[in-house]
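One structure is given here, and the rest of the page talks about it.
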Amino acid sequence: MAYNLLKGKKGIIFGALDENSIAWATALRCVEEGAEIVLTNAPIALRMGEINKLAEITNAPVIPADVTSLEDLNNLFTKSMEHFGGKIDFVLHSVGMSLNVRKGKPYTDLDYDFSHKTFDISAMSLHRVLQTAYKLDALNEWASVVALTYIAAQRVFPDYSEMADAKSLLESIARSFGYHYGISKKVRINTISQSPTRTTAGSGVKGFEGFINYAEKMSPLGNATAKQCADYTVSLFSDLTRMVTMQNLFHDGGFSSTGVTMDVMLQMEK
């Protein structure tokens, strides 16, 4: 059901790869709620994914951008404003990649060149996005930026490796830039800490299926889906949440506040 929460608003969606992506679901919900969007991803992801299908469904242009390139980001925001005929109201940062995880490197034996790429793509990219928008004055007053994160930023999940460190940095950037952007333009910046979700990227983490089942048993409401995360993100893009900023918001069915559940205890007793 649509409520016209984003009627007249314009935004950029980073990271839609395929129909399993949270960014994909969010793009669909934003348009359903009345927004116009621009889609973007790295050139290699555009070749690997199905973003053109999403672009057709949402009537949105696709502007390639490598989040490690200031030139690409400058081009993205400049062309997006040209397309919209004005400034931008919301941005979704749904970007993350770890070569150490992909290569099966344990946290105690990291390849540091890989780690630098992880931090650059998964965390510093948010700072680049925000700094570019800030310098171009690309965001309207009361605009909203949301970045996707994970509870491994606060708690240990061994196979998440240095992505946990990257998510910690991502959340810190959201708070720090949230202060400066809030003071200057009333722009609000938040992170959503989502349940483990069967995305193409998430499924690449070792032991993912076992963990998603564990999280389901540990969450009083069960795991939040990609579509439910899209709903929550839309609420943060809307004017209903104007005074919410610099927050890490758990969207995980209660997992983050639960010590143990009866389902898990019964499973351990078997």
Side-chain angles (χ1 to χ4, degrees), residues 3-16 23 26-27 29-31 33-41 60-61 63 65-95 120 122-149 167-193 229-230 232-249 251:
Y3 305 94
N4 284 323
L5 290 177
L6 304 182
K7 185 177 181 180
K9 292 188 181 295
K10 300 167 175 61
I12 300 176
I13 304 291
F14 283 81
T26 303
R29 284 293 288 121
C30 287
V31 171
E33 290 295 338
E36 295 178 53
I37 61 171
V38 164
L39 298 169
T40 186
N41 214 327
I63 303 176
D66 178 346
V67 291
T68 67
S69 167
L70 285 171
E71 182 180 354
D72 278 12
L73 291 173
N74 189 82
N75 179 66
L76 169 65
F77 276 98
T78 300
K79 286 189 174 178
S80 294
M81 286 191 287
E82 290 173 0
H83 170 72
F84 291 137
K87 296 181 184 180
I88 295 153
D89 299 297
F90 62 86
V91 176
L92 175 68
H93 180 282
S94 180
V95 180
D120 206 18
S122 306
M124 290 307 299
S125 60
L126 178 61
H127 196 285
R128 275 193 208 88
V129 165
L130 294 168
Q131 182 169 288
T132 301
Y134 191 86
K135 288 186 174 181
L136 290 174
D137 193 21
L139 302 185
N140 278 316
E141 284 199 353
W142 300 106
S144 175
V145 179
V146 171
L148 299 182
T149 185
K167 291 300 189 185
S168 296
L169 177 56
L170 180 83
E171 292 174 17
S172 178
I173 290 168
R175 285 189 297 271
S176 297
F177 226 119
Y179 169 81
H180 293 287
Y181 232 147
I183 290 290
S184 64
K185 294 289 291 187
K186 304 300 182 187
V187 171
R188 55 204 201 269
I189 303 170
N190 296 289
T191 54
I192 293 177
S193 188
C229 187
Y232 193 35
T233 304
V234 163
S235 75
L236 290 172
F237 288 160
S238 80
D239 291 337
L240 299 177
T241 51
R242 277 194 165 191
M243 299 308 290
V244 180
T245 194
M246 301 163 64
Q247 302 300 306
N248 180 47
L249 302 162
H251 186 253

ask   = How long is the gap from NE2 on His83 to CG on Leu76, to the nearest 0.5 Å?
value = 11.5 Å
remark   = By side-chain hydrogen bond (donor to acceptor under 3.5 Å, both in side chains), Ser235 pairs with (sequence neighbours left out) none
key: Leu5 backbone acceptor or donor facing Glu33 side chain under 3.5 Å   = yes
ask   = Do you know the tightest heavy-atom contact between Gly15 and Ala23?
value = C-CB, 3.6 Å
Side-chain heavy atoms of Leu126 within contact of Val95, under 4.5 Å = no
ask   = Roughly how far apart are Thr26 OG1 and Ile13 CD1, rounded to 0.5 Å?
value = 6.0 Å
task = Just jot down the side-chain hydrogen bond (donor to acceptor under 3.5 Å, both in side chains) partners of Asp89, sequence neighbours excluded, or say none.
result = Asn140
key: By ring-ring contact (aromatic ring centres under 6.0 Å, His included) - contacts of His127 (at least two apart)   = Phe177
request  = Can you sort out the partners of Glu36 under side chain to side chain contact (heavy atoms under 4.5 Å, CB included), two or more places apart, ordered by chain and number?
outcome  = Lys10, Phe84
key: Non-neighbouring partners of Arg128 that pass salt bridge (Lys or Arg N to Asp or Glu O under 4.0 Å), sequence neighbours left out   = Asp120
task = Under the side chain to side chain contact (heavy atoms under 4.5 Å, CB included) rule, collect the residues that match up with Asp239, sequence neighbours excluded.
result = Lys9, Arg242
task = Just jot down the side chain to side chain contact (heavy atoms under 4.5 Å, CB included) partners of Ser69, sequence neighbours excluded, or say none.
result = Asp66, Glu71, Asp72
Determine all donor-acceptor pairs shorter than 3.5 Å in which one atom belongs to a side chain in residues 182-190; sequence neighbours excluded.
unit_1	atom_1	unit_2	atom_2	d
Ser184	OG	His180	O	3.1
Lys185	NZ	Asp137	OD1	3.3
Arg188	NE	Thr241	O	3.1
Arg188	NH1	Trp142	O	2.4
Arg188	NH2	Leu236	O	3.0
Arg188	NH2	Ser238	O	2.4
Asn190	OD1	Met246	N	3.2
Asn190	OD1	Gln247	N	3.0
Asn190	ND2	Val244	O	3.0

note = Heavy-atom nearest pair, Leu139 first then Ala133, reads CG-CB, 4.0 Å
key: Spacing of Ile88 atom CD1 and Ile12 atom CD1 [to the nearest 0.5 Å]   = 3.5 Å
request  = Just jot down the ring-ring contact (aromatic ring centres under 6.0 Å, His included) partners of Phe90, sequence neighbours excluded, or say none.
outcome  = Phe237
Salt bridge (Lys or Arg N to Asp or Glu O under 4.0 Å) partners of Arg175, counting only residues at least two apart = none
With Lys135 via side chain to side chain contact (heavy atoms under 4.5 Å, CB included) - residues at least two apart = Gln131
message = With rounding to the nearest 0.5 angstrom, report the CG to CZ distance, Leu6 to Arg29.
response = 8.5 Å
task = State, yes or no, whether a side-chain contact exists between His93 and Leu170 at a heavy-atom distance under 4.5 Å.
result = yes
task = State, to 0.1 Å, how close Ile63 and Ser80 come at their nearest heavy-atom pair, and which atoms those are.
result = CD1-OG, 3.8 Å
task = Compare all side-chain heavy atoms of Thr68 with those of Ser125 and state whether any distance is below 4.5 angstrom.
result = no
Inter- and intrachain pairs under salt bridge (Lys or Arg N to Asp or Glu O under 4.0 Å), touching residues 75-86, at least two apart = none
key: Side chain Ser172, main chain Ser168, donor-acceptor under 3.5 Å   = no
task = Compare all side-chain heavy atoms of Leu148 with those of Cys229 and state whether any distance is below 4.5 angstrom.
result = yes
request  = Mind checking the CG-CD1 spacing from Leu39 to Ile37? Nearest 0.5 Å is all I need.
outcome  = 4.5 Å
key: Thr233 OG1 to Leu249 CG distance, which is reported to the nearest 0.5 Å   = 10.0 Å
Polar side chain donor-acceptor pair, Asn74 to Thr132, under 3.5 angstrom = no
query = Counting N and O atoms only, with roles assigned by atom type, does the side chain of Tyr181 sit under 3.5 Å from a partner on the main chain of Tyr134, one being a donor and the other an acceptor?
reply = yes
